[in-house]
Amino acid sequence: MTAGESMGDREGPDWWPLAEPFKIKVVERLRRTTREERAELIRRAGYNLFNLRSSDVYIDLLTDSGTSAMSDTQWAALMVGDEAYAGSRSFYRLKEAVEEVMGFPYVIPTHQGRAAENVLFTTLVKEGHIVPNNMHFDTTKAHVEHRGARALDLAGEWAYDPVADLPFKGDIDLELLDRALAEHGEAVPFVMITVTCNSGGGQPVSMANIRGAAEICRRRGVPLFLDAARFAENAYFIKLREPGYADVSIRDIVREMFSYADGCTVSGKKDALVNIGGFIALRDGDLYRRATVWAVLFEGFPTYGGLAGRDMEAMARGLEEVVDEDYLAYRIEQVAYLGRRLKEAGVPIIEPVGGHAVYLDALRFLPDLPREEFPGQALAVELYVEGGVRGVEIGTVLAGRDPETGENRYPRLEMVRLALPRRVYTCRHLDVVAETCQRVLDRRGEVVGLEFEEEPPVLRHFTARFRRVPRSAVGET
Ligand code: P70
C-alpha cells in the first residue's frame, strides 16, 4: 500500500478562486509591539507561547481550533438557540445536521473534541488495550494512555518523509494495520483514523485508504472510528487529488468517507466552524446508550452534553457551511499560498502543504541545534520575537516522555506549526508571516536552544516553562 502516486503538477490550475468567498462585517483590532517588548514578554512567559497574552501577539497561528470566524448566519443562530435542559430544539437541529452531512443517526454533544474522546474511550478502552491510529494527536494519545492502554501509530513510512511529494501522506499503513490486528486480536477495542492527519503535517487520508482500513477492520471484527476534526478539508483533498473524485460533490465525498466508519469523534472547533463544541456520532444504538452513561457523568444530559443550546445551533450551521466548495477552495488555497511564499523564501517546510497549517521543518531550519535543546520550540520563540507571529511546536516538547521509560520521546519530525484560523486572516497577513520566517532564517546562526525550567507531568507543552541555554560551541557556524 502506498500513499498514492507522485503528484507532479496535478495540483492547482493556472487560475484559482483565491479571493475570499465572503466579505468582512466585523473587525477586531490588532496591537503591534516592538521587538524589545516581545523579547521581554516571551522571557516572562517562560519561552512558552501558550503563556503569552493574545493581545501581545500580532498574527496568532497557534491553532486553527476554536479560533475561526463564525458567519453572520451562525451569529444569528445563537439567538434562536433553545436552552432547554432536556429535549432542546437545538440538539435536534444538530442531530439532523450530523445525519445529513455525515450519515450517523446517533449524536452525543460534548464541550470539545477531547471530551468526546473521554466519553468514547471510557466506554470502550480498558487497561492493556491497544488502539491503532494513523497518528494519534496529543489529546487522543493522552486519553488512550490515561485508560491504561497503548496508542499505536501506524502511518506509513511516507508520513515521516518531510518532502516526499505524495498526495495522501496521512494514509494508515494497511499492512501494518492488518498485522497489528492479527497480533493483538481481542486487545484492540477499535481502530481510529485521524482526518486530516494533524501530527503528520495536516496531511489527508485517501478514500481508498479509509475503505481499505474498513475492510480489514470488518474482516477482523473491529470497529473503525474517524477522528474527524478536519473531515471537510480531507474531503476537499480527495476531490482535488484522488482519481475518480474530481466530479463528485464534497457532500457526497464526506458521506462516503463516513459510510466506512462505525462512528467518529469530532472537535467542532475546527471544521464545524465554532469557537467551542464537539460531539460523538455513532451508527449503533447500543453503543450510543452505553456511551450516554458516561456522557451524563462527564458532560451533561445527552441532549446538551456540555454545550449551551446556542452552541449546538451554531455548530449545526457550521457543519453545513464547511462543506461548501467555494469555501473549501479558498481555505485550502490560502494555506497553500503561505506554503508557496515560504518555499520561495527558502524556508524548509513539510511538503506537500496540508489542510489547516504550514509546518516548518525545524531540523532543517536549525540543523545545528541538538534535539535535546528543542529546536522546534526555539524556532517558535524566535518567530514571535521577530514578527509577533505565534506558531506552536509539534515536536519533542509535545511528544512528552515515554510512560514506561520516562525518557523524552524524539519524534521523527520536529516541526513548528503555523495553523490558519478559518476566515480570519488575509493573504497580506500571511505575507508578514512569510517575511518573519525569512528574517529568522537569515539570522539562524544566532538562535539558541532551550531547556526546561518547569516540566508538568501530563500534556507538558501547554504549561511548561523554559530557559535559554548558551549556544554550544560544537556546530557553531
Ligand atoms: C490543534 C488542537 C485538537 C484535536 C485534534 C484532533 C485531530 C482531537 C483534538 C482535540 C489542539 C491544540 C494544539 C496546539 C495548540 C492549541 C490546541 N487539536 N483530534 O490545534 O480537540 O481541542 O476540541 O479538545 O487536532 O490541533 P479539542
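In listed order, ligands and their atoms are each counted from 1.
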Polar side chain donor-acceptor pair, [X] to [Y], under 3.5 angstrom:
{"X": "R317", "Y": "T73", "result": "no"}
{"X": "Y337", "Y": "D431", "result": "yes"}
{"X": "Y260", "Y": "R211", "result": "yes"}

*Just one of R38, R390, R31 clears the salt bridge (charged side-chain N to carboxylate O under 4.0 Å, His left out) bar with D56, so which one?*
R31
Quick one: nearest non-hydrogen protein atom to [atom], plus distance?
{"atom": "atom 10 (C) of ligand 1", "answer": "T139 OG1, 3.4 Å"}
{"atom": "atom 16 (C) of ligand 1", "answer": "T63 CB, 3.6 Å"}
{"atom": "atom 3 (C) of ligand 1", "answer": "K270 NZ, 2.7 Å"}
{"atom": "atom 8 (C) of ligand 1", "answer": "E117 OE2, 3.2 Å"}

Nitrogen or oxygen of [X] less than 3.5 angstrom from that of ligand 1:
{"X": "F137", "value": "no"}
{"X": "Q112", "value": "yes"}
{"X": "T196", "value": "no"}

*Check whether any heavy atom of H356 sits under 4.0 Å from an atom of ligand 1.*
no
*R412 to Y160 six-membered ring, cation-pi geometry met (6.0 Å, 45°)*: yes
Atoms of ligand 1 less than 4.0 Å from [X] heavy atoms?
{"X": "R114", "value": "10 (C), 21 (O), 22 (O), 24 (O), 27 (P)"}
{"X": "R417", "value": "1 (C), 13 (C), 14 (C), 20 (O), 26 (O)"}
{"X": "K269", "value": "23 (O)"}
{"X": "T194", "value": "7 (C)"}
{"X": "D227", "value": "6 (C), 7 (C), 8 (C), 19 (N)"}

*More than 12 heavy atoms from other groups under 6.0 Å of NE2 on H146*: no
*Should we say atom CZ of R310 is surrounded by more than 12 heavy atoms from elsewhere, each under 6.0 Å from it?*
no
*In a check of side-chain contact (heavy atoms from CB on, under 4.5 Å) between L49 and each of V392, D60, I42, V389, which one passes?*
I42
*asked:* Checking E100 now: which residues fulfil side chain to side chain contact (heavy atoms under 4.5 Å, CB included) with it, not counting sequence neighbours?
replied: R251
*How does R230 reach ligand 1, by side chain, by backbone, by both or by neither, if only non-hydrogen atoms under 4.0 Å count?*
side chain
